[in-house]
Amino acid sequence: MPSLPSQLAARIEAVAGVDPELRPATKPQFGHFQSNVALRLAKAEGRPPREVAADIVARLDIDDLCETPDVAGPGFINLRLRSDVLAAAVNAQLADEHAGIAQAQTPQRVVIDYSAPNAAKQMHVGHLRSTIIGDCFHRVLAAKGHTVIAQNHIGDWGRQFGMLIEQALDEGLDLDALDLAGAEELYQRANAHIKADDDFAARSRDRVVALQAGDETTGRMWDKLVGLSKNGFNQTYARMNVRLTDADYAGESIYNEMLPQVCADLEERGIAVHDQGALVVFVDGFDAPAILRNSQGGYGYDVTDVAAVRYRVDELGADRLIYVVGSEQTYHFNLIFALTRQAGYLPERVEARHVGYGMVLGPDGKKFSTREGTAVHLDDLLDEAEQHAAPQIALAAIKYADLSNALQKDYVFDPERMTATTGDTGPYLQYAHARVCQILRRAEAEGHRTGPVTVIDEPAEQELALWLTRFGEAVDEVAAELTPHKLCTYLFELATKYSVFYEKCPVLRSEGQVLSSRLGLCAATRQVLAAGLDLLGMAAPERM
RNA sequence: GCACCCAUAGCUUAAUGGAUAGAGCAUCUGACUACGGAUCAGAAGGUUGGGGGUUCGACUCCCUCUGGGUGCGCCA
């Protein structure tokens, strides 16, 4: 069945002749929905807006859905749903296994590139947002019925492996006994070594060549370093309760063998040219070219990402590409998208989006780093938040803080504010959920029947019911625009409206149909809160 | 120097070109032996960084200036 707003919009369009641009009413006294169609038509028709509005209302056939519409202000048409229609909508949503999330009519294969830590280094603050935001998109798009293919583009290739392996050999290190923290220390020792010792630097370069040439010993050691890195990442992912698995690892190394072919193809077709000793592509509208192969004959991340686009479109069958990578890479990805469009690797039918996001800042409002100037480890951030709340509360607090404002903005990592139980925070939403659970638990123990919703007389009941039916729209917005904060705002509003209902409309102290109807509203609230929190990657505990 | 992003209440922030810019925190005032008060009601707090323009209507679109961030061929 079409949603209530789309049904209403269709009725108005039938009379007005144009899309009424139906919007939720901005205030309760304006009803439930409003249309400014009359204001827009008035100019063309040369009549006063209110007259146009009155004319539309007079011809509107909408009695089965709404109370009599009002014309208000400069010419707005305000609609108020009938209580029985609203109640039926809530009941239908409660019975819906998808909690009112409309399933995509044409399911897509969506490739999401997120998290992407570097091998042999622990995850740090720079990976926090990509992991949380990507996981949210993963959950939201999957909930819409799309096939989500996560691609964890880890940094598992490059010159650092030359020095890592050479250092391990020098030390006679047993890589089987090494964990990720140990690998990071190895990295630091190798880094210091390479700066101080020219001979070591030369051997490290040779080791890179050996790795690329497929030398067996070198390859085995590389394999171990990458493997222990993944083990380390997996521990953090488990702690963060994100959906990434071993199957999602698709590091830079998998594109290696494709790179010469990509270069050859682009060169043959005259798209790539030699310039200053490098193989590059100049793309219209971009000052700097993409560098496919540098003057040393090495491949960089431009060509790797070109190959990745091609792989994701051709091999993974992507209909949509989403890259959750920091804003500082905006130029890079726009360049890659333009290039791959031009080369025909990225067809018009495939949408490609880079979702940039701002930085996580330290308490001083500057780039978050340790006293030594290195990036703060992700696990340390989680530890810090857990000093203020239990693990699943602390984690929800971090995620909500990360997702609840516009992605492009920086924010300060402030555990105290994030874990606050009052206000617009993750814990507040979890509390609202726990409170609904409590009331439903008691009702069940006392043998009360829950639902259906039949009585919506009180304003608080009405606002709650109406808001519940908007869950699907909120999810749709996030899926289309990739703006998680809109779901956060929706859920916070829901928790607030539920609190008002809770205050104004006693549930367990009421009787008969009112009791079961109010319990139905509680059940629908629990359903939406639980589903919404899950889409944000947050736990919804039944007790706190 | 060029490009992109940001600027809204003391602080953190929301707002598809539409009605009186909406919240949270902090502050003040109420409700109160409570269906978990981790709550609710109310007050106060804004020339939406400055200046132009487009529009019936601008936080939103365009131009410009200021302040901050990020990025600007061979690291990824």
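The structure displayed is predicted, hence computed values, not measured ones. So that the names make sense, note that chain A is the first sequence line, chain B the second, and so on, each numbered from 1.
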> Using Watson-Crick and G-U wobble pairs with both distances under 3.5 Å, what is the 5'-to-3' dot-bracket string of RNA chain B, with [ ] for crossing pairs and | for pairs outside the strand?
Replying inline: (((((((..((((....[...)))).(((((.......))))).....(((((..]....))))))))))))....

Look for any protein N or O under 3.5 Å of an N or O in nucleotides 18-20 of chain B and output each such pair with its distance, or none.
residue, atom, partner, partner atom, Å
B:G18, N7, A:Asn36, ND2, 2.6
B:A19, N7, A:Gln34, OE1, 3.3
B:A19, N6, A:Gln34, OE1, 2.9
B:A19, N6, A:Asn78, OD1, 2.6
B:A19, N6, A:Asn78, ND2, 3.4
B:A19, N1, A:Asn78, ND2, 3.3

What nitrogen or oxygen pairs link the protein and nucleotides 39-42 of chain B at under 3.5 Å?
residue, atom, partner, partner atom, Å
B:U39, O2', A:Glu503, OE1, 3.2
B:C40, OP1, A:Tyr428, OH, 3.4

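Residue pairs meeting the salt bridge (Lys or Arg N to Asp or Glu O under 4.0 Å) criterion with at least one member in residues 509-525 of chain A, sequence neighbours excluded, are A:Glu461-A:Arg518.
The phosphate of B:C74 has neither OP1 nor OP2 within less than 4.0 Å of any side-chain N or O from A:Gln296. Between B:C6 and A:Gln408, a contact under 4.0 Å exists linking OP1 or OP2 to a side-chain N or O.
Within 4.0 Å of A:Phe282, counting heavy atoms only, lies at least one base atom of the nucleic acid. Residue contacts shown for A:Gly300 are limited to sugar-phosphate atoms, with no base heavy atom under 4.0 Å away.
Between the P atoms of B:G52 and B:A58, the separation comes to 14 Å (whole Å). Comparing B:C75 with B:C65, their P atoms sit 35 Å apart, to the nearest whole Å.
Considering only residues two or more places apart in sequence or on other chains, A:Glu444 meets the salt bridge (Lys or Arg N to Asp or Glu O under 4.0 Å) condition with none of them. Legend: residues meeting side-chain hydrogen bond (donor to acceptor under 3.5 Å, both in side chains) with A:Glu463, ordered by chain and number and at least two apart, are A:Lys497. Among residues two or more places apart in sequence or in another chain, the side chain to side chain contact (heavy atoms under 4.5 Å, CB included) test is passed with A:Ser6 by A:Pro2, A:Ser3. Shown here are the side chain to side chain contact (heavy atoms under 4.5 Å, CB included) partners of A:Lys366, two or more places apart in sequence or in another chain: A:Asp364. For the side-chain hydrogen bond (donor to acceptor under 3.5 Å, both in side chains) test, no residue two or more places apart in sequence or in another chain qualifies with A:Gln29.
Between A:Phe200 and A:His193, the ring planes are parallel. Angles under 30° get that label, and only those over 60° would be called perpendicular.
Residue order along RNA chain B, read from the 5' end via each residue's closest nucleotide, puts A:Cys505 first among A:Tyr301 and A:Cys505. Comparing A:Phe492 and A:Asn294 against RNA chain B, the residue whose closest nucleotide sits nearer the 5' end is A:Phe492.
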> ring pair (Phe, Tyr, Trp, His ring centres under 6.0 Å) between A:Phe233 and A:His127: does it pass, once the steps are laid out?
Replying inline: CA-CA 11 Å; A:Phe233 301 152; A:His127 305 111; 7.7 Å; no

> Can A:Glu166 and A:Met163 be said to form a side chain to side chain contact (heavy atoms under 4.5 Å, CB included), step by step?
Replying inline: CA-CA 5 Å; A:Glu166 204 60 29; A:Met163 70 173 192; 5.6 Å; no

> Which letter, B, S or -, goes with each nucleotide of nucleotides 8-15 of chain B from 5' to 3', with contact meaning a protein heavy atom under 4.0 Å?
Replying inline: ----SSSS

Distance-only criterion, 3.5 Å: show the donor-acceptor pairs between side-chain atoms of residues 40-47 of chain A and protein atoms not counting sequence neighbours.
residue, atom, partner, partner atom, Å
A:Arg40, NE, A:Asn36, OD1, 3.1
A:Arg40, NH2, A:Asp19, O, 3.2
A:Arg40, NH2, A:Asn36, OD1, 3.4
A:Glu45, OE1, A:Arg47, NE, 3.3
A:Glu45, OE1, A:Arg47, NH2, 3.0

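Taken residue by residue, residues 393-403 of chain A places no heavy atom nearer than 4.0 Å to RNA chain B.
For A:Glu328, the listed nucleotide lying nearest its side chain is B:G71; candidates were B:G71, B:A76, B:C6. Counting only heavy atoms from C-beta on, A:Ala288 has its side chain closest to B:C72 among B:C72, B:A38, B:A34.
Figure legend: A:Arg470 and A:Phe33 shown as a cation-pi pair, the cationic atom lying under 6.0 angstrom from the six-membered ring centre and within 45 degrees of its axis.
Separation of the A:Tyr498 and A:Phe501 ring centroids falls under the 6.0 Å cut-off.
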